[in-house]
Amino acid sequence: MAAGSGSGSGFGSASGEWARYWQYAELPDLDLLRARYVRHTFPRHSHEGYVFGSITRGVEDVGLPDGTVHAGPGVVVMINPEVPHTARAGVPEGWVYATLYPSAQVINDIAADTTRLRGTVGFAETSVVDPESARLIGEVHRAAEEGNALAADSVLRILVARLLSSHGSVLPTRSPRSAGARDAARARAVLESRMAGPPTLEVLAVELGTSPFALLRAFKKQYGMPPHTWLTDARVRRARRLLDAGVAPSVAAAEVGFTDQPHLNRHFTRIVGVPPGAYQRERARTYKTGRDFSPYRSVCARTDNIPRENR
């Protein structure tokens, strides 16, 4: 969810950071993250689905297009799909939080069942003081960790319906009408198709019949980040899909255009919050990172003893 990361590609005991990013098999359209971050910062990135975050200790500073949200206990952060954002600690001791990443399909299905909202739904506020919804986010995590599929699914639906009822809206359709927006969309398509060997900004601008600075401005206006930042985020997204399919991290790194696996490790960890090896292992079995600072009985183990190439 501030460019740079003080923790590199792993989490050490010195900072007291730990994280678990996983997916409960019974709810395949939902990813879950529980973590404590102190030095780690998330660079500008976005998600294909939604983000619901609840801080249990400390403060998280979330950088959004309209400003920075200082989120503490009792606050729920809601981020719509493709909204660029950053995240970092808002206090020296960092923050502990539970986050849900439901797919667009999950949210829109619940909206169709419980509201009169039609189209692509979203949330008008990015943060609200709502201790009850914050508690429900934690309850989804608890039920999933206990293997209680009925409870996890039920509480997730209650949570989303509650947030939609109070803060739901229909997201506007963003069609590239101006020449700059069309150039940005075309540039994005080129970068997606040539991810492993992208052109320079100048070559890309020439191919699109515009100038480098005009393209840079148009792309940032349309997508909230410059082309090179967007490309790194897109590479990590594609790498996640490859890892989900069982592709080895070293192979995934080459296929998405990273120079080598250490480059994938660094960017993946900064954006996703856990190293790619840990992420992939969670798709097959329980993974732990760090001491359990969480309010739940967690399945976390330290990563500082894991060889870097296997993270």
Side-chain angles (χ1 to χ4, degrees), residues 1-21 31-47 49-101 123-138 140-141 159 163 166-167 224-225 229 232-233 236 266-275 289-296 298 300 303:
M1 288 188 326
S5 172
S7 57
S9 62
F11 303 99
S13 57
S15 65
E17 294 185 321
W18 54 265
R20 186 189 186 205
Y21 192 112
D31 283 0
L32 305 98
L33 170 67
R34 285 199 298 108
R36 182 196 183 205
Y37 295 120
V38 180
R39 297 181 301 170
H40 186 84
T41 63
F42 288 83
R44 193 165 302 280
H45 65 289
S46 61
H47 299 275
Y50 296 77
V51 181
F52 301 134
S54 168
I55 289 76
T56 55
R57 291 217 311 272
V59 176
E60 178 189 20
D61 282 354
V62 185
L64 291 154
D66 295 331
T68 300
V69 169
H70 306 284
V75 171
V76 174
V77 176
M78 301 174 288
I79 303 177
N80 292 321
E82 305 301 346
V83 173
H85 57 282
T86 63
R88 66 188 312 147
V91 290
E93 60 268 29
W95 79 100
V96 179
Y97 71 154
T99 304
L100 304 174
Y101 301 95
F123 299 90
E125 290 82 18
T126 54
S127 69
V128 294
V129 177
D130 186 346
E132 176 61 15
S133 291
R135 184 189 68 81
L136 291 173
I137 290 173
V140 175
H141 275 264
L159 166 70
L163 293 175
S166 300
H167 315 291
M225 60 187 91
T229 304
T232 298
D233 190 29
V236 168
R266 182 169 66 253
H267 292 295
F268 193 100
T269 303
R270 290 173 63 204
I271 289 175
V272 179
V274 295
T289 172
R291 282 194 300 125
D292 184 11
F293 294 86
S294 73
Y296 314 113
S298 169
C300 291
T303 62

Peer 1: Please round to the nearest 0.5 Å and tell me the distance separating atom OG1 of Thr86 and atom CZ of Phe42.
Peer 2: 10.5 Å
Peer 1: What pair of heavy atoms forms the shortest contact from Glu93 to Val38, and how long is it?
Peer 2: O-CG2, 3.7 Å
Peer 1: Apply the test side chain to side chain contact (heavy atoms under 4.5 Å, CB included) to residues Val128 and His167: give CA-CA distance (whole Å), side-chain angles for both, the deciding distance (0.1 Å), then the verdict.
Peer 2: CA-CA 9 Å; Val128 294; His167 315 291; 3.4 Å; yes
Peer 1: Would you please test Ile79 and Thr126 for side chain to side chain contact (heavy atoms under 4.5 Å, CB included) and show each step?
Peer 2: CA-CA 6 Å; Ile79 303 177; Thr126 54; 5.8 Å; no
Peer 1: Might you point out which heavy atoms bring Ser54 and Ile137 nearest each other, and give the distance in Å?
Peer 2: CB-CD1, 3.8 Å
Peer 1: If every non-hydrogen atom of Trp95 is compared with every non-hydrogen atom of Val59, which pair is closest and at what distance?
Peer 2: CB-O, 3.5 Å
Peer 1: Of all residues at least two apart in sequence or in a different chain, which pass the salt bridge (charged side-chain N to carboxylate O under 4.0 Å, His left out) check with Asp233?
Peer 2: none
Peer 1: Quick one: do Val236 and Phe268 satisfy side chain to side chain contact (heavy atoms under 4.5 Å, CB included)? Show the steps, please.
Peer 2: CA-CA 6 Å; Val236 168; Phe268 193 100; 3.9 Å; yes
Peer 1: Using the ring of each side chain (for Trp, its six-membered ring), is Tyr37 parallel, tilted or perpendicular to Tyr97, with breaks at 30° and 60°?
Peer 2: perpendicular
Peer 1: Phe123 vs Tyr50 aromatic rings, parallel, tilted or perpendicular, using cut-offs 30° and 60°?
Peer 2: perpendicular
Peer 1: If you round to the nearest 0.5 Å, how far is CZ of Phe52 from CE of Met78?
Peer 2: 7.5 Å
Peer 1: Taking Arg39 for its side chain and Ala89 for its backbone only, find out whether a donor-acceptor pair lies under 3.5 Å.
Peer 2: no
Peer 1: Please examine the side chains of Leu100 and His141, heavy atoms only from C-beta on, and report whether any two atoms are closer than 4.5 Å.
Peer 2: yes
Peer 1: Compare all side-chain heavy atoms of Ser127 with those of Val62 and state whether any distance is below 4.5 angstrom.
Peer 2: no
Peer 1: Please examine the side chains of Val272 and Leu33, heavy atoms only from C-beta on, and report whether any two atoms are closer than 4.5 Å.
Peer 2: no
Peer 1: Would you indicate whether the side-chain heavy atoms of Pro43 and Thr229 approach each other to under 4.5 Å?
Peer 2: no
Peer 1: Measuring from atom OG1 of Thr99 to atom CD1 of Ile55, what distance do you get when rounded to the nearest 0.5 angstrom?
Peer 2: 7.0 Å
Peer 1: Measure the spacing between CG of Asn80 and NE2 of His47 and express it to the nearest 0.5 Å.
Peer 2: 12.0 Å
Peer 1: Can you give each donor-acceptor pair under 3.5 Å made by side-chain atoms of residues 64-76, sequence neighbours left out, with the distance rounded to 0.1 Å?
Peer 2:
| residue | atom | partner | partner atom | Å |
| --- | --- | --- | --- | --- |
| His70 | ND1 | Asp61 | OD1 | 2.7 |

Peer 1: What distance separates His85 NE2 from Arg44 CZ, expressed to the nearest 0.5 Å?
Peer 2: 9.5 Å
Peer 1: Enter the distance from His267:NE2 to His45:NE2 here, rounded to the nearest 0.5 Å.
Peer 2: 14.5 Å
Peer 1: Taking side chain to side chain donor-acceptor pair (under 3.5 Å) as the definition, give me every residue that meets it alongside Glu82, ordered by chain and number, with sequence neighbours left out.
Peer 2: Ser46, Arg237
Peer 1: Is it true that the side chains of Tyr21 and Asp31 contain a donor and an acceptor less than 3.5 Å apart?
Peer 2: yes
